[in-house]
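Just below is one structure, and these are the notes that go with it.
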Amino acid sequence: MSIIQPRTLKGFRDYLPATMAAREEVVATARRVYRGFGFAPIDTPALEYSEILLGKGGDESDRQMYRFKDHGGRDVALRFDLTVPLARFAAQHAARLGIPFKRYHVGPVWRGENTQRGRYREFVQFDFDTIGTESLLADVETLVVVHDLFAELGLSEFVIHFNNRDLLNGLLEGLGLSEQADSILRSLDKLPKIGIDGVRSELATAAGASPDQAEAILALAGLQGSNDEVLTALPAIVGDTSTARAGMAALESVLEGVRASGVAEERIRVDVSIARGLAYYTGTVFETFLTDVPGIGSVCSGGRYDDLASLYTKQRLPGIGGSLGVDRLVAAMEELGMVDDSGAAADIFVALFVADRAGDYLSLAAELRSAGLSVELYPDARKLGAQMKYADRRGHQLAVIIGEDEWERRTAQVKTLATGRSVEVPLAELTQRCSELLEASS
RNA sequence: GUGGCCGUAGCUCAGUCAGGCAGAGCACCUGGUUGUGGUCCAGGAUGUCGCGGGUUCAAAUCCCGUCGGCCACCCCA
């Protein structure tokens with residue numbers, strides 16, 4: 001029989017222990033932060049009816065969607081984000097949930113796009129959203145959650161860039177270009193790449209903007225400075241439509257709220273160039289960048305979507321939320337050397353020294369575990385040196401060594417691997433002494 | 001999806017231009033010590049050269065296809 005080549009699909013990956021342990025830690029931290037703000041867990045199916053997902057994220061999302069007929073001939077698709085399923089979920093369960101409804105949701109999503117560093121076809125998002133309120137306090141809270149999340153993760157160098165789509169919408173209304181909003185948005189998004197002149201010519205060709213219109217749009221996109229400088233300059237640039245005024249007011253109000261929440265000025269930036277491609281965003285939009293890993297792009301982004309649930313219900317269910325890119329974040333942390341590659345080792349290593357006494361070692365390990373300690377018993381009675389080497393490589397804190405002599409004396413040697421120091425303790429005190437040693441080294 | 005570069009030991013890579021015995025460093029295994037890791041010394045094992053086909057006396061090397069990775073476009077976590 002021939003051997004089948006072991007392999008994974010393009011854009012799909014296996015996760016080794018070191019990476020997976022890092023991911024679990026990120027998820028645990030995010031969960032703790034989300035819960036601290038009153039978000040509750042939910043889950044939804046990976047597979048949905050295509051009609052639920054199609055047309056919600058824009059043409060690009062539709063193109064990238066994994067879509068096929070299931071065994072019953074149903075037209076189905078894998079979710080490409082967690083926000084659209086949430087909208088369906090909220091519409092379906094609104095009556096039971098109560099408003100506002102705050103939920104978090106972690107799971108894989110799928111996009112059939114071309115791969116690149118930090119971009120895969122299957123990746124994990126960890127979302128949090130607030131459904132059922134238009135209050136800007138929810139916008140403020142969303143940004144504060146992101147801030148606390150990155151602070152808790154130990155990533156000190158990050159900046160949350162935020163904007164309000166009404167600024168551009170208002171400007172375009174005044175210019176009579178509302179119809180071309182999508183195409184203009186896409187052109188503006190390329191500003192860092194193709195420059196002012198590139199965007200200017202693209203605005204003319206793709207959106208049919210006149211030279212004057214293009215200049216007005218570019219004046220907005222090119223606006224830079226401190227948060228207060230940008231806010232001061234904006235009114236003259238975005239014009240005097242009611243939409244633009246609303247966008248201005250929202251932007252100022254959100255920034256004020258974020259400041260009041262104690263977020264440092266250098267962590268939050270009004271950035272009118274943040275547009276976000278997904279079609280469903282309506283007001284506040286944001287992206288989060290790691291200053292030390294610029295190449296990886298945004299690791300947490302989101303915004304307000306006041307019309308999304310209207311696709312599934314007549315009830316008005318506005319929402320706002322954010323999406324943490326778990327894989328991207330773990331990749332960034334690996335680049336920053338924040339992930340040690342030993343994987344998750346148990347605190348205590350027990351050498352299997354005397355093969356005949358396997359039962360004694362097993363009950364000893366069980367006793368330590370019942371006290372809440374994590375214990376690994378080596379499965380083979382190999383040379384002690386080899387076992388010690390294994391324990392060292394694996395990253396255990398303590399090694400418990402009990403040979404025939406110790407068994408007879410009813411004692412154990414407990415070795416602190418980092419220092420090499422070893423103490424002999426009575427078996428009766430082993431649990432307590434191990435706890436103390438672990439406490440001391442942490 | 002389109003285009004460019006790349007794929008050789010567990011890892012990082014040399015060897016490919018100009019076809020001629022498949023290599024280095026690190027990691028790994030064994031020994032130097034009857035029962036103690038990280039250093040040192042000695043020795044050892046390890047490859048469908050991504051996969052399939054073609055050209056050739058001979059292919060890691062040249063050609064075609066395919067799968068995968070990276071980069072750009074596009075878009076995005």
Side-chain angles (χ1 to χ4, degrees), chain A residues 2-14 16 18 26 30 57-65 80-83 106-127 146 182 185-187 189-190 193-194 198 202 274-279 281 285-290 293 295-302 322-332 341 349 351-354 378 381-396 398-407 413-422 424:
Chain A
S2 70
I3 286 176
I4 297 165
Q5 181 87 357
R7 56 183 186 154
T8 52
L9 285 165
K10 181 183 176 72
F12 290 72
R13 308 169 298 155
D14 291 325
L16 273 59
V26 165
D59 293 346
E60 191 58 32
S61 300
D62 291 357
R63 264 199 299 281
Q64 296 180 354
M65 207 174 312
F80 63 88
D81 71 5
L82 298 177
T83 306
V106 61
V109 302
W110 295 268
R111 294 182 194 173
E113 65 178 333
N114 221 341
T115 55
Q116 229 159 102
R117 179 170 201 72
R119 301 176 57 170
Y120 307 99
R121 290 182 168 177
E122 177 182 61
F123 57 96
V124 171
Q125 294 196 323
F126 198 168
D127 280 26
V146 174
D182 279 357
L185 219 62
R186 268 198 302 279
S187 302
D189 221 28
K190 296 182 208 164
K193 274 176 189 158
I194 62 179
E202 200 164 296
I274 294 293
R276 311 228 359 95
L278 289 176
Y281 289 114
V285 288
F286 70 90
E287 301 191 351
T288 312
F289 298 97
L290 301 176
V293 196
I296 205 140
S298 173
V299 287
C300 183
S301 49
S323 180
L324 178 69
V326 175
D327 299 82
R328 230 179 229 195
L329 184 61
V330 169
D341 58 4
F349 176 82
L352 182 61
F353 204 157
V354 186
Y378 200 76
R382 291 179 70 198
K383 282 180 52 173
L384 193 54
Q387 296 193 43
M388 294 306 297
K389 192 167 180 178
Y390 171 85
D392 181 49
R393 291 281 151 77
R394 191 53 70 94
H396 299 280
L398 304 176
V400 171
I401 299 157
I402 310 174
E404 203 52 70
D405 300 346
E406 284 87 354
W407 280 122
Q413 278 191 55
V414 180
K415 183 165 192 166
T416 305
L417 286 162
T419 62
R421 283 227 319 274
S422 186
E424 184 158 350

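Labels below follow one simple rule: chain letters A, B, ... track the order of the sequence lines, proteins then strands, and each chain is numbered from 1. Owing to the predicted nature of the structure, the values given are computational and were not obtained by experimental measurement.
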Considering only the [atom1] atoms, how many Å lie between [N] and [M], rounded to the nearest integer?
N      : M      : atom1 : value
B/rC62 : B/rU16 : P     : 9 Å
B/rG25 : B/rG4  : C1'   : 31 Å
B/rG7  : B/rC63 : P     : 13 Å
B/rG50 : B/rA60 : C1'   : 12 Å
B/rA45 : B/rU36 : P     : 27 Å
B/rC6  : B/rC51 : C1'   : 16 Å
B/rC64 : B/rU55 : C1'   : 11 Å
B/rU8  : B/rU2  : C1'   : 29 Å

Dump the intermediate steps for side-chain contact (heavy atoms from CB on, under 4.5 Å) on A/F353 and A/Q387, then the final yes or no. CA-CA 9 Å; A/F353 204 157; A/Q387 296 193 43; 5.8 Å; no

Give the rounded distance in Å between these two atoms: [atom1] of [X] and [atom2] of [N].
X      : N      : atom1 : atom2 : result
A/F80  : B/rC75 : CZ    : P     : 16 Å
A/Q64  : B/rC73 : CD    : P     : 15 Å
A/Q116 : B/rG4  : CD    : P     : 16 Å
A/Q125 : B/rA77 : CD    : C1'   : 5 Å
A/R111 : B/rC76 : CZ    : P     : 8 Å
A/Y281 : B/rC75 : OH    : P     : 16 Å
A/R382 : B/rU30 : CZ    : C1'   : 10 Å
A/N114 : B/rG69 : CG    : P     : 9 Å

Whichever of A/T115 and A/V124 has the more 5' nearest nucleotide on RNA chain B, that residue is A/T115

Between A/D327 and A/T8, name the one whose nearest nucleotide on RNA chain B is closer to the 5' end. A/T8

Let's test your reading of the model: under 3.5 Å, does the base of B/rC70 pair with the side chain of A/R119 as donor and acceptor? no

Using Watson-Crick or G-U wobble geometry with both distances below 3.5 Å, tell me the partner of [N], or none.
N      : answer
B/rG25 : B/rC11
B/rG35 : none
B/rU16 : none
B/rU30 : B/rA42
B/rU48 : none
B/rA72 : B/rU2

Please tell me if the side chains of [X] and [Y] come closer than 4.5 Å, counting only heavy atoms from C-beta onward.
X      : Y      : result
A/L398 : A/T416 : yes
A/T115 : A/R121 : yes
A/V106 : A/L324 : no
A/Q125 : A/T83  : no

Using a 4.0 Å heavy-atom cut-off across all strands, classify [X] as base, sugar-phosphate, or nothing.
X      : value
A/G112 : nothing
A/R63  : nothing
A/R117 : sugar-phosphate

N/O donor-acceptor pair under 3.5 Å between [X] side chain and [Y] backbone:
X      : Y      : answer
A/S298 : A/T288 : yes
A/R111 : A/E122 : no
A/Q413 : A/S422 : no

What does nucleotides 32-51 of chain B look like as a protein-contact string, B for base, S for sugar-phosphate only, - for none, at under 4.0 angstrom between heavy atoms? ---BBBB---------B-S-

Other residues, nucleotides and ligands only: do more than 12 of their heavy atoms fall within 6.0 Å of CZ on A/R117? no

Please list, for nucleotides 5-7 of chain B, all pairs of protein and nucleotide N/O atoms separated by less than 3.5 Å.
none

Evaluate A/V326 against A/F123 for side-chain contact (heavy atoms from CB on, under 4.5 Å), listing each step before the verdict. CA-CA 8 Å; A/V326 175; A/F123 57 96; over 6 Å; no

First locate atom SG of A/C300, then atom CZ of A/R328, and finally report the distance between them rounded to the nearest 0.5 Å. 11.5 Å

Under 4.0 angstrom between A/S301 side-chain N/O and B/rA77 OP1 or OP2: yes

Classify the ring geometry of A/Y378 against A/Y390: parallel below 30°, tilted from 30° to 60°, perpendicular beyond 60°. perpendicular

